[in-house]
Amino acid sequence: MTTPEPCCESTVDFDVVKTRQLRFAVALTSVVFAGELVGGLWTGSLALLSDAGHVFSDVLALALSLLAVGLACRPPTEQHSYGLHRTEVFAAFFNGVALLGISAVIFYEAYQRLAEPPSIRSGPMLLVAILGLVANSIVALRLGGHEHGDLNLHSAYLHVTGDLLASVAVVVAAVVILATGWLLIDPLLSAGIGLLIVVGGFRVTREATHILLQGVPRGIDLAEVASALAEVPGVQDVHHVHAWSLCSNVLAFTAHVVSCPQNEAERTALRCKLEQILTERFGFSDTTLELECNPACDGELLQQFTHGMTNNHNHAHNHSHDHDNE
């Protein structure tokens, strides 16, 4: 098994950048929320209040993302041998579920206002919406260039992007009401904001759930990975393959490799070659490879575990690493 290397300078720099960007986003988004909440209550605009509710969820989402970055940087312990990288996944899952709940409230309020549209101060509504649009644009631009495939930061960016589009919708609603007096545009666009929130919330929740269920990382084909390893000279077969995500950007891989190196030097060279393929071609950062001469197994690509397997059996299996039948 490869020993995880200490965080390199680029990784540390990226974490510092993430922390700064998220702090800035939390601060400015909190100001946007306060402004839209007061503006929505003052003007009577549901679209503005709906956007304020969305922005409030984003303040929580960004704060959770910021907390997750800090926890993920902590070193591993005997209680958490992988560290706390999965906090970002839990944060993303919570954010997604919260978005779905907020959208349900928005749909209900939109339905109520379609039946009985209230009076709206469209002038102040437009002013508040424009200020929110400018602020959300700044936050989106600051976060947009630093996602780097990070689910935590990506979920935060999706929240802010949703705010940006919602602000555009509120501006449109205010302009329409000013020009035509058509009040129904407010709840209709609110429902549109709700749909936008549903889409973003569903996507983030689905991806977080996939990681929490130890699903194969997106874009990884296990058969392709096994085939690439089997092409290395000296490898006869690859089976019992497992791949999962510790978090969105830390991928793990284990497999049994049928090969009989003549000596320790050949064994080391073969292992290094296989790990290089896994790291450089497929992006795995934590790998465990068991070399076997005469495998006492069915040789299937995937291994099916029996639910309720005894701890002693698991212990014996997990410690069979590198015990060749020589």
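All heavy atoms count here, side chains included; hydrogens, waters and symmetry mates do not.
- Counting only distance, with no hydrogens or angles, the side chain of Ser259 and the backbone of Gly234 share a donor-acceptor pair below 3.5 Å.
- Using a 4.5 Å heavy-atom threshold, the side chains of Val258 and Val238 count as separate.
- Both Phe24 and Val134 are assigned to one and the same hydrophobic cluster, defined by single-linkage of ILVMFWY side chains at heavy-atom distances under 4.5 Å.
- The only member of Asp286, Leu289, Thr288 that meets side-chain contact (heavy atoms from CB on, under 4.5 Å) when paired with Phe253 is Leu289.
- A donor-acceptor contact under 3.5 angstrom links the side chains of Glu292 and His239, judged on distance only.
- Contact record, Leu222 with Ala243: CD2-CB, 3.6 Å, taken as the closest heavy-atom pair.
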Practice task
Could you go through the side chain to side chain contact (heavy atoms under 4.5 Å, CB included) check for Leu229 and Leu278 one step at a time?
Solution key: CA-CA 8 Å; Leu229 297 181; Leu278 291 171; 4.0 Å; yes
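- Atom CD of residue Glu207 and atom CZ of residue Arg203 lie 11.5 Å apart, to the nearest 0.5 angstrom.
- To the nearest 0.5 Å, atoms CG (Leu274) and CD1 (Ile277) are separated by 6.0 Å.
- The main-chain N or O of Leu251 is never found under 3.5 Å from a side-chain atom of Ser245 such that the two would form a donor-acceptor pair.
- Under the 4.5 Å side-chain heavy-atom criterion for Ile, Leu, Val, Met, Phe, Trp and Tyr, Leu178 and Leu133 are members of the same hydrophobic cluster.
- Both Trp182 and Leu189 are members of a single hydrophobic cluster when ILVMFWY side chains are connected at heavy-atom separations under 4.5 Å.
- In terms of modelled atom types and a separation under 3.5 Å, the side chain of Arg281 and the main chain of Gln276 share no donor-acceptor contact.
- Connection of Val139 to Leu131 is not established within any shared hydrophobic cluster, with ILVMFWY side chains joined at heavy-atom distances below 4.5 Å, either directly or through further cluster members.
- At least one side-chain heavy atom of Leu188 sits less than 4.5 Å from a side-chain heavy atom of Leu114.
- Of the inter-residue distances, the one linking Phe284 atom CZ with Thr254 atom OG1 reads 9.5 Å to the nearest 0.5 angstrom.
- The backbone N or O of Ala223 lies less than 3.5 Å from no partner atom in the side chain of Ser227, so there is not a single donor-acceptor pair.
- In this structure, the side chain of Thr205 does not engage the main chain of Phe202 through any donor-acceptor pair within 3.5 Å.
- Environment of CZ in Phe90: sparse, with no more than 12 heavy atoms of neighbouring residues, nucleotides or ligands closer than 6.0 Å.
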Practice task
Determine, stepwise, if the pair His240 / Glu290 fulfils side chain to side chain contact (heavy atoms under 4.5 Å, CB included).
Solution key: CA-CA 10 Å; His240 286 188; Glu290 180 174 343; over 6 Å; no
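- In this structure, the separation between CZ on Arg23 and CG on Leu62 is 13.5 Å, given to the nearest 0.5 Å.
- A distance-only check finds a donor-acceptor pair linking the side chain of Arg86 to the backbone of Ile211 [under 3.5 Å].
- Under a hydrophobic clustering in which Ile, Leu, Val, Met, Phe, Trp and Tyr are joined whenever their side-chain heavy atoms come within less than 4.5 Å, directly or via other members, Ile185 and Phe107 fall into different clusters.
- For the pair Thr87 and Leu67, the minimum side-chain heavy-atom distance is 4.5 Å or more.
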Practice task
Begin from the C-alpha positions of Phe282 and Thr287 and carry the test side chain to side chain contact (heavy atoms under 4.5 Å, CB included) through to its verdict.
Solution key: CA-CA 11 Å; Phe282 298 101; Thr287 60; over 6 Å; no
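- The distance from the CD atom of Glu275 to the CG atom of Leu270 is 9.5 Å, given to the nearest 0.5 Å.
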